[in-house]
K.L.:
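Can you read through this structure? Questions will come right after.
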Amino acid sequence: MSPSDVGRRVSLRRRLPDGAYSDVLGDLQAWSQGELQVRRRDGSVVTVAEADLVAGKVVPPPPPRRRPSRNPTG
């Protein structure tokens, strides 16, 4: 991954202050001044410091949402 991936869907693994790991999945909105900003599907934006980034990769777009099936019996 690099700043040239801005605009693409990414999966990031970051180290939290307590030493645990957390994953962030969404669209890479910005990568500048040592920070990455990722917009999640729910619209929230997560900022990840480069120093906390453990791994990251570009991932394919999400599959289309399925429509609820109709129950013919009502």
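We use all heavy atoms of the structure for the numbers below, so side chains are in, but hydrogens, waters and symmetry mates are not.
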K.L.:
Between atom CE of Met1 and atom CG of Leu53, what is the distance when rounded to the nearest 0.5 Å?
P.N.:
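Rounded to the nearest 0.5 Å, the CE-CG separation comes out at 6.0 Å.
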K.L.:
Have a look at Arg9 and tell me which of Val58, Val38, Leu28, Leu25 forms a side-chain contact (heavy atoms from CB on, under 4.5 Å) with it.
P.N.:
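Testing each of Val58, Val38, Leu28, Leu25 against Arg9, the sole residue satisfying side-chain contact (heavy atoms from CB on, under 4.5 Å) is Leu25.
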K.L.:
Work out which heavy atom in Val6 is nearest to a heavy atom in Trp31; give both atom names and the distance.
P.N.:
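Between these two residues, the closest heavy atoms are CG2-N, 3.9 Å.
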K.L.:
Roughly how far, to the nearest 0.5 Å, is CZ of Arg8 from NZ of Lys57?
P.N.:
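So the gap between those two atoms works out to 13.0 Å.
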K.L.:
Could you pull out the closest heavy-atom pair between Arg14 and Val54, with the gap in Å?
P.N.:
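Heavy atoms only, the tightest pair is C-CG2, 4.2 Å.
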K.L.:
Should the pair Arg13-Asp23 be classified as a salt bridge under the 4.0 Å nitrogen-to-oxygen rule?
P.N.:
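Counted as a salt bridge, because a side-chain N and a carboxylate O are separated by less than 4.0 Å.
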K.L.:
Please report the interatomic distance CG(Asp52) to OG1(Thr47), rounded to the nearest 0.5 Å.
P.N.:
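One finds 11.5 Å between CG of Asp52 and OG1 of Thr47.
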